[in-house]
Number of protein chains: 2
Amino acid sequence: MNIKLHFGKGGGSEHCLLKKFKNKREQAFAEREQELLVLAEKIMAKEGFSGLTMDKLVVACDYSKGTVYNHFSSKEDLLCALCVKSMEMEIALFDKGLAFQGRSRERLLAIYYAYRLHALMHPTLFYCVLTAKTPAVKEKASEARLTQQAELELQLSHVCDQLFEQGIQDGDLKLPAGITYSHLSFAAWALAFGSNALLQGASEATLVSRINAQEALLFNVNLVLDGMHWTPLSQDWDYRACWQRIGKKIFSTELSTLEQASA
Amino acid sequence: MNIKLHFGKGGGSEHCLLKKFKNKREQAFAEREQELLVLAEKIMAKEGFSGLTMDKLVVACDYSKGTVYNHFSSKEDLLCALCVKSMEMEIALFDKGLAFQGRSRERLLAIYYAYRLHALMHPTLFYCVLTAKTPAVKEKASEARLTQQAELELQLSHVCDQLFEQGIQDGDLKLPAGITYSHLSFAAWALAFGSNALLQGASEATLVSRINAQEALLFNVNLVLDGMHWTPLSQDWDYRACWQRIGKKIFSTELSTLEQASA
DNA sequence: AAGCAAAGTGACGAATCGTCATATTTTGAC
DNA sequence: GTCAAAATATGACGATTCGTCACTTTGCTT
């Protein structure tokens with residue numbers, strides 16, 4: 001039922017992209033897994049989400065069915081692995097966003113920017129995250145993969161926690177009585193998840209059709225952070241300009257590749 | 001590719017639960033569809049999300065495969081139909097929530113209450129909504145069903161719009177320049193969707209594990225509505241008490257059935 | 001009652017999943 | 001270098017599941 005783990009059973013470090021491996025074998029295994037994931041993403045991008053089948057992946061790669069199933073215990077497990085990959089890339093972008101120099105609230109905005117950017121650059125992978133939240137997928141994914149996923153989620157929230165902390169230290173944010181970082185993190189995360197999930201599927205006619213996605217996200221974020229009384233409030237500060245600045249200063253390379261792709 | 005529509009082609013009214021039908025035939029058809037949906041939900045609740053197959057549904061019901069496929073063009077279409085059903089029930093609960101007497105912001109809270117209540121009472125159906133946002137499902141659902149879904153979403157947002165309007169008329173809420181109802185609706189919706197989606201899958205160990213779900217939702221809502229400067233602000237008003245009051249005054253029957261079920 | 005359109009039936013073919021007995025490669029000891 | 005044991009790879013195969021279609025039945029109209 002569970003996928004064989006070829007790594008040592010020592011928990012919690014398999015998901016880092018660049019890591020020392022016990023030996024060549026494990027390294028090769030990890031590399032092959034990445035290779036398979038890249039291939040799977042390509043198939044999905046080309047043939048649609050339901051166009052991805054295990055058989056197609058097997059044919060497309062240089063390995064056999066058994067080998068592929070050594071990596072992914074089921075199709076759902078493969079989807080979760082893609083979700084994990086997506087989150088790993090998010091973390092990398094988040095870390096980049098942390099480099100933005102500014103007030104605490106501006107720096108959190110940089111994280112949101114990174115999130116949105118990731119969704120735009122890798123829509124397919126982003127959808128995998130949504131899909132991985134689905135019971136049909138969770139039910140059939142391997143235990144190990146789900147654990148990995150949960151760990152990454154924690155890791156993502158820790159990035160935010162840093163900024164909450166800075167906000168408090170700088171005196172820009174106060175933690176209400178009985179409220180912890182977790183509450184704030186959850187609120188920030190829920191809004192980001194909800195906004196992006198709904199925006200992603202809404203390029204056509206719906207409620208959100210006419211709303212510019214970027215604008216909407218920024219608006220929503222301002223709402224929540226204003227609600228936290230995180231100064232400077234949106235009425236006292238030009239966060240739209242800040243948003244632009246984040247793009248220019250931190251993510252210019254990503255933006256240009258994005259423009260190239262859509263051109 | 002598309003499911004045959006046995007109703008008149010006049011658009012936009014098929015989704016109302018109680019409606020006049022052109023003739024007995026259509027009525028029977030609609031009733032059977034509901035019957036099938038109830039059955040499908042039961043199978044899903046009992047055997048898990050991936051335990052629902054078309055074959056099982058066919059065996060469980062008194063009709064043949066062909067008949068079932070006359071209703072649902074594919075398994076994904078069936079899932080969407082369940083999603084539609086879920087939204088119809090939500091609307092009914094929303095309408096009930098509208099009956100709450102109070103200030104505009106309190107009344108919007110009643111809508112959130114209804115949303116949360118629905119998620120608790122029908123977790124399976126609620127998951128269908130999440131699943132229906134997934135590309136794998138959207139790709140294979142019938143056009144007609146997706147239209148129906150989009151219409152219902154609009155209808156849901158209109159309920160909220162009423163309350164935004166009341167808020168403005170009462171002077172409790174001001175629409176910033178360049179901001180429309182749609183923006184506010186979207187923010188409210190995104191937060192509700194994100195919070196509930198994340199809370200639903202998080203009864204166990206994760207970031208949200210220790211946070212009481214109800215509390216978290218109320219907290220998040222307060223954050224956003226405070227961000228809108230919707231008076232009275234959460235610091236000036238006891239919305240937790242209001243939340244309790246909503247439960248008692250409006251949804252007491254639902255609450256008792258819920259307690260019965262979990263006892 | 002006859003005729004006809006609409007709906008129902010279920011056997012069937014195609015596609016997909018995941019397994020397992022066997023073949024191959026790698027490892028490590030001498 | 002050699003050889004046995006352990007790890008890994010292979011792909012044919014059985015089991016589901018999906019969705020279709022040629023044919024039958026139902027029920028409405030005249």
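Proteins come first, then strands; the chains are lettered A, B, ... in the order of their sequence lines, and each starts at number 1.
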**Message:** On the nucleotide D:dT8, are OP1 or OP2 found under 4.0 Å from the side-chain N or O atoms that A:R32 carries?
**Reply:** no
**Request:** Indicate whether OP1 or OP2 belonging to C:dG10 is found under 4.0 Å from a side-chain N or O atom of B:S64.
**Result:** no
**Asked** With under 30° as parallel and over 60° as perpendicular, where do the rings of A:F29 and A:H71 fit, or are they tilted in between?
**Response** parallel
**Message:** Nearest 0.5 Å, please: how far is CG in A:L57 from CG in A:L36?
**Reply:** 5.5 Å
**Item:** Of the listed nucleotides D:dC18, D:dA9, C:dC17, the one nearest the side chain of A:K75
**Value:** C:dC17
**Request:** Just compare C:dG18, D:dT20, C:dG10 and give me whichever is closest to any side-chain atom of A:Y69.
**Result:** C:dG18
**Fill in**
Exactly one candidate in A:E139, A:K138, A:K140 meets side chain to side chain contact (heavy atoms under 4.5 Å, CB included) with B:F49; the answer is A:E139
**Asked** When all nucleic acid strands are considered with a 4.0 Å heavy-atom cut-off, which category describes A:K56: base, sugar-phosphate, or nothing?
**Response** nothing
Give every pair of a protein N or O atom and an N or O atom of nucleotides 11-13 of chain C that lie under 3.5 Å apart, one pair per line with the distance.
none

**Message:** Run A:E153 and A:K133 through salt bridge (Lys or Arg N to Asp or Glu O under 4.0 Å) and show every step you take.
**Reply:** CA-CA 12 Å; A:E153 270 180 11; A:K133 289 243 162 282; 2.8 Å; yes
**Request:** Would you tell me whether A:H118 and A:S86 have side-chain atoms, one donor and one acceptor, within less than 3.5 Å of each other?
**Result:** yes
**Complete:** For B:A40 and B:L52, the nearest pair of non-hydrogen atoms, with its separation, is O-CD1, 3.9 Å
**Complete:** All heavy atoms of A:N220 vs all of B:H183, minimum pair found to be OD1-O, 4.4 Å
**Prompt:** Contacts to DNA chain C from residues 46-55 of chain B, heavy-atom cutoff under 4.0 Å, which residues?
**Reply:** none
